[in-house]
Amino acid sequence: MTAAAKPRTEILISGFGGQGVIRMGQILGLAAIKQGHRVTMLKSHGTETRGGYVRAQLVISPDYVDSPVVENADVFVAFSAPAYKKFFDHCRGKILYDPEMVEDVRAEGPERHVAVPATQLAKERFNNVLFANMIMLGALTRLSGLDYEAMKKAMLEVIPRFHEQNLAALDVGYTLPALIPA
Amino acid sequence: MSTLAPAVSEQLVAPWVEWARRYTRGRRLLEAGTYALTEGAIAAGCRVFAGYPITPATDIAEYMSKRLPQVGGYYVQCEDELAGMHACAGASLGGLKAMTATSGPGYTLMHDAYGWSITNEIPLVVVDAMRVGPISGITGAPGQGEFYIARYASHGGNFETIVLSPSSVQEAFWLTIDAFNLAERFRTPVTILTDQVISDMWEDLFIPEDYDALDFVVPRKNNLMMPFYPVGSADLDVPPNVIGHGTGVCVSAYTHTEEGYDIEEMEAQWAQTYRLINKIRHHRDQLTRYETVGVEDADVIAVAYGANARTVKTGVLEARRRGVRAGFVRLITLWPFPDELFERDVPYVVCELNYDGQLVREVMRSAPDGKKVRFMGKSAELHTVAEVAAGLEGVARTGRIPELPYIWTEVR
Amino acid sequence: MNRLAKKYLRPSQIPTKACHGCGIGMIENWLLQAIDEMGLKQDDVIFGTGIGCVGRQTFATWGGDNFGATHGRALAVATGLKLAQPDKKYLIVVGDGDAASIGTSHLIHAARRNLGVTVICEDNMGYESTGGQFSPTTPAGYVTNSSPYGMVEPGFDPCDVVKAAGATFVAETTATQWHQTVKIVKKALANDGFSFVHVRFPCNENFGAYALGTRDTLKNLEWIYEHTQGRKADGTDADFTWETGIKHDASNSRPEFSRLMRDMNARVKADMKAKQK
Amino acid sequence: MALFKAEKKAPKGPAGRWDVVIGEDMCKACGFCLSVCPVDVFAYRKAPNKIGWFPMYTAHEENCIGCMLCYQICPDFCIDVSVKSTAVATV
């Protein structure tokens with residue numbers, strides 16, 4: 001390891017417990033590792049297993065990551081209104097939010113906000129909100145220009161069941177028309 | 001995030017620097033610190049885990065319950081931590097390498113067994129995943145409150161302890177093997193003092209593919225003869241006596257003779273104490289592990305260990321970017337305390353996760369001028385990069401740490 | 001030195017540190033008889049003790065491997081040791097403090113697991129090595145150094161506790177029942193599981209002096225005898241009677257702890273092999 | 001009924017065929033052997049042993065009937081009772 005400058009990417013994902021926040025971070029992290037990056041992921045949550053806030057802080061870097069704390073996120077994924085409010089100031093880059101969960105969006109930086117209707121799409125396409133996190137991950141992959149194939153591979157490794165639906169959900173997010181540059 | 005003009009010297013002094021260079025075939029995973037601690041133990045030949053679940057060390061117990069039967073080992077979920085560490089000591093006496101894992105509230109319960117294991121020179125490893133206190137505190141927040149408890153891990157005095165602290169998931173893996181090696185070599189319990197952040201954090205982790213091929217793992221050797229140890233000798237290579245081979249081993253809680261018989265004579269007490277203390281003090285060169293950044297030319301040096309060292313190191317680099325010649329010392333071996341790392345007569349800024357100030361007192365003692373040692377204590381949360389940089393800048397320019405919210409600077 | 005002491009004990013540790021007339025040596029002598037009659041050798045038995053009179057006096061007298069744990073933790077140590085050395089016989093000789101007070105949780109859980117050890121609880125009805133305080137087995141009303149107005153707390157019977165916890169062999173004797181104790185210890189050692197033998201014996205220096213009002217070794221052993229028989233020498237009933245004999249015998253009725261662990265490991269290994277194929 | 005018998009009986013039956021050996025240096029003079037013995041075998045020494053007790057010794061070995069009570073009750077592993085080698089030859 002060296003103390004030389006190193007580009008680091010900070011990603012912050014937060015929402016309620018049970019929304020698959022940690023799973024999303026895990027897949028993202030593993031995909032980065034498969035491509036030879038170094039990754040840290042801090043996860044923090046309230047004491048309750050379901051319902052409280054859950055946060056995953058990922059740092060991806062080509063070299064050893066010193067501080068694992070996300071202080072200025074390049075991407076912030078907000079799955080809930082409290083999470084959006086709590087961590088808005090920790091982000092200086094893009095904010096992906098689920099408009100069904102986060103209704104009041106701050107006025108500043110409209111160009112940074114990207115609405116991904118993950119919950120709504122999950123309900124429509126799969127009749128199950130549990131797939132919202134994969135739709136969001138697909139969208140994040142597109143938006144951040146990450147390797148889609150690596151993401152799919154990592155997803156299959158991390159998630160034990162329902163591979164076909166999850167792949168389909170990932171695809172829904174990745175091919176979201178609003179995100180594809182004209 | 002930062003661009004450094006001149007190259008800064010960096011040094012990591014630890015045996016796993018070489019290990020990592022030699023063993024490159026394996027798997028790369030995204031795993032938690034608890035997983036790394038477990039796999040490290042399995043790789044080191046640990047075959048017994050006895051303990052009691054406690055957050056944030058619980059996952060170690062869970063991983064162990066899955067892994068140990070696969071390698072012919074035993075997972076025992078005990079009635080309490082007292083039983084846990086005693087059962088580990090028993091298993092180690094019977095010839096199996098053993099480990100237990102706990103957090104602060106359980107660690108204090110283990111002191112009884114810790115002292116027994118020290119006195120009887122039983123090798124084993126104890127993981128303490130520190131969380132913020134006092135007492136039960138917050139289960140999901142890091143703390144560094146057991147720095148001194150780990151040193152004085154039992155009553156009665158007259159012993160030295162070995163305490164190591166990892167600051168990444170990868171390091172937790174190698175360091176656990178190292179802890180087992182030191183336990184075997186020095187015939188004593190070794191504490192791995194980690195914290196909630198490192199144990200819960202997920203990070204890229206390299207695991208070598210074949211544990212049996214790791215030639216640096218110190219194997220368990222059995223001393224199949226009396227006496228228990230050669231009296232007055234510092235011969236460390238006397239391997240542990242093992243119960244169950246009919247050698248007439250005596251393992252006693254009391255001060256004992258070289259045969260292990262309890263005795264109430266001062267000469268025996270002195271001989272035992274001499275051995276227990278000096279087998280560690282006289283071999284500090286084999287025990288000190290640390291990391292430094294730019295200490296040679298530094299005007300101010302930040303000191304930290306564990307998870308906290310991660311943000312402190314980034315803070316040091318940030319201070320450098322702002323034109324402050326800052327250095328960084330990360331302790332990996334906490335005890336025996338590496339006094340020699342604090343030889344330069346410059347201000348030291350000690351960042352630790354408590355408000356009472358523990359590590360800072362040792363730095364004050366070993367630095368040439370204790371009055372120049374500054375304290376930045378924070379509770380339940382890692383220092384931010386901004387805080388550390390501001391602190392170092394303040395000390396370098398004005399000799400004082402600026403007022404920062406939630407940072408305590410007073411040491412009484 | 002008698003023939004069994006010569007065969008099994010360490011000459012350097014005899015005489016023990018026990019006070020004169022202490023029952024600890026008597027009981028140990030009977031343990032030796034049981035071991036000898038079962039044809040066990042020094043190497044076959046691991047002798048574990050705790051702290052207090054029983055721990056201190058019996059520790060290191062056994063010629064084979066010994067351990068003296070911290071107070072109450074002998075069974076916790078034995079739990080780990082049994083996994084590492086499953087084929088040995090374990091004699092865990094502890095006092096009433098170790099078994100019935102400070103180490104009760106370990107006693108209960110060792111019984112629950114059916115850990116393959118034989119616990120001999122040598123009970124002198126108080127904490128005598130610290131000068132004679134009451135313990136959970138001190139009879140109600142008796143005066144000790146910490147119950148100067150009589151023991152007000154109710155006591156409990158450790159035999160009931162371990163039986164409820166799942167011990168597979170439970171028995172009680174006293175220091176005046178030598179043949180019975182030898183027979184019972186033999187049965188206890190033959191049980192591949194958790195055996196508990198509760199043996200009451202006299203302390204002259206403390207319990208005798210304060211609770212019974214005499215340091216006369218004969219009178220104190222006579223007191224034990226009276227409460228074993230339920231009748232005093234003059235033919236009147238004693239104030240209470242200990243129920244002695246085998247209280248529960250389910251020897252070898254359920255698998256021993258370390259056996260269960262090894263069986264599970266074999267199962268896991270077999271499953272792993274099957275999956276690899 | 002008492003454990004100890006104050007009055008000793010005259011030996012009957014196979015008396016005189018036994019060796020009664022006492023390790024006097026390890027005896028703590030509790031008196032159990034003397035009291036439990038149904039016949040008259042034991043007596044106290046008039047001089048202390050090296051651990052400071054006035055130990056028991058075999059005063060009348062010829063009275064021993066081989067009941068082994070002393071062997072069973074001795075708390076300090078002192079006493080051994082065995083068939084006399086000469087007696088073995090005559091049996």
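Every chain is numbered from 1 and lettered A, B, ... according to where its sequence line falls, protein lines coming before strand lines.
Within a 6.0 Å sphere centred on OH of B:Y52, other residues, nucleotides and ligands contribute 12 heavy atoms or fewer. Environment of CD in B:E264: sparse, with no more than 12 heavy atoms of neighbouring residues, nucleotides or ligands closer than 6.0 Å. Counting non-hydrogen atoms of other residues, nucleotides and ligands closer than 6.0 Å to NZ of C:K163 gives a total of 12 or fewer.
For a residue to count as touching a neighbouring chain, one of its non-hydrogen atoms must lie under 4.5 Å from one of that chain's; by this rule C:I46 touches chain B with the side chain only. Contacts between C:M272 and chain B at a heavy-atom distance below 4.5 Å involve the side chain alone, from C-beta outward. Only the side chain of C:V268 comes within less than 4.5 Å of a heavy atom of chain B; its backbone N, CA, C and O stay farther away. At a 4.5 Å heavy-atom cutoff, C:T49 makes no contact with chain B through either its backbone or its side chain. With a 4.5 Å cut-off on non-hydrogen atoms, B:V242 touches chain C through its backbone and its side chain both. Only the side chain of C:F257 comes within less than 4.5 Å of a heavy atom in chain B; its backbone stays farther off. Looking at C:K17, only its side chain comes within 4.5 Å of chain B, counting heavy atoms on both sides. When heavy atoms are compared at a cutoff of 4.5 Å, B:Y254 approaches chain C solely by way of its side chain, counted from C-beta outward.
When the candidates C:K82, C:R262, C:Q42 are compared by the number of heavy-atom contacts under 4.5 Å with chain B, C:R262 comes out ahead. In terms of heavy-atom pairs under 4.5 Å with chain B, the best-connected choice from C:V77, C:T79, C:D43 is C:V77. No other option in B:G72, B:A50, B:G95 has as many heavy-atom pairs under 4.5 Å with chain C as B:G72. When the candidates B:D262, B:V76, B:V48 are compared by the number of heavy-atom contacts under 4.5 Å with chain C, B:D262 comes out ahead.
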- Task: Might you work through the side-chain contact (heavy atoms from CB on, under 4.5 Å) test for C:H106 and B:D80, ending with a clear yes or no?
- Result: CA-CA 9 Å; C:H106 309 313; B:D80 53 28; 3.5 Å; yes

- Task: Apply side-chain contact (heavy atoms from CB on, under 4.5 Å) to C:D65 and B:T247, showing your working.
- Result: CA-CA 7 Å; C:D65 293 343; B:T247 49; 3.9 Å; yes

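No side-chain heavy atom of C:K269 sits under 4.5 Å from any side-chain heavy atom of B:Q70. Put simply, the side chain of C:L75 does not reach to within 4.5 Å of the side chain of B:H86, judged on heavy atoms.
In this structure, B:W116 and C:A69 approach most closely via the heavy-atom pair NE1-CA, 3.6 Å. Across every non-hydrogen atom of C:A76 and B:A83, the tightest pair is CB-CA, 3.7 Å. C:M261 and B:Y74 make their closest contact through CB-CD2, 3.6 Å (heavy atoms, listed as atom of the first residue, atom of the second, distance).
Atom-to-atom distance recorded for B:S92:OG and C:L81:CG is 10.0 Å, nearest 0.5 angstrom. Between the CD1 atom in B:I122 and the CZ atom in C:F67 there is a gap of 10.0 Å [rounded to 0.5 Å]. Atom CG of residue B:D112 and atom OG1 of residue C:T70 lie 3.5 Å apart, to the nearest 0.5 angstrom. Taken from CG in C:N265 to CG in B:L68, the straight-line distance is 8.5 Å, to the nearest 0.5 Å.
Look at B:E79 and C:R113 and you find a salt bridge, because one of the NZ, NE, NH1 or NH2 atoms lies within 4.0 Å of a carboxylate O, short of that distance. In summary, C:R73 and B:E81 do not engage in a salt bridge, as defined by a charged side-chain N under 4.0 Å from a carboxylate O.
Side-chain N/O atoms of B:Y261 and C:R10 include a donor and acceptor closer than 3.5 Å.
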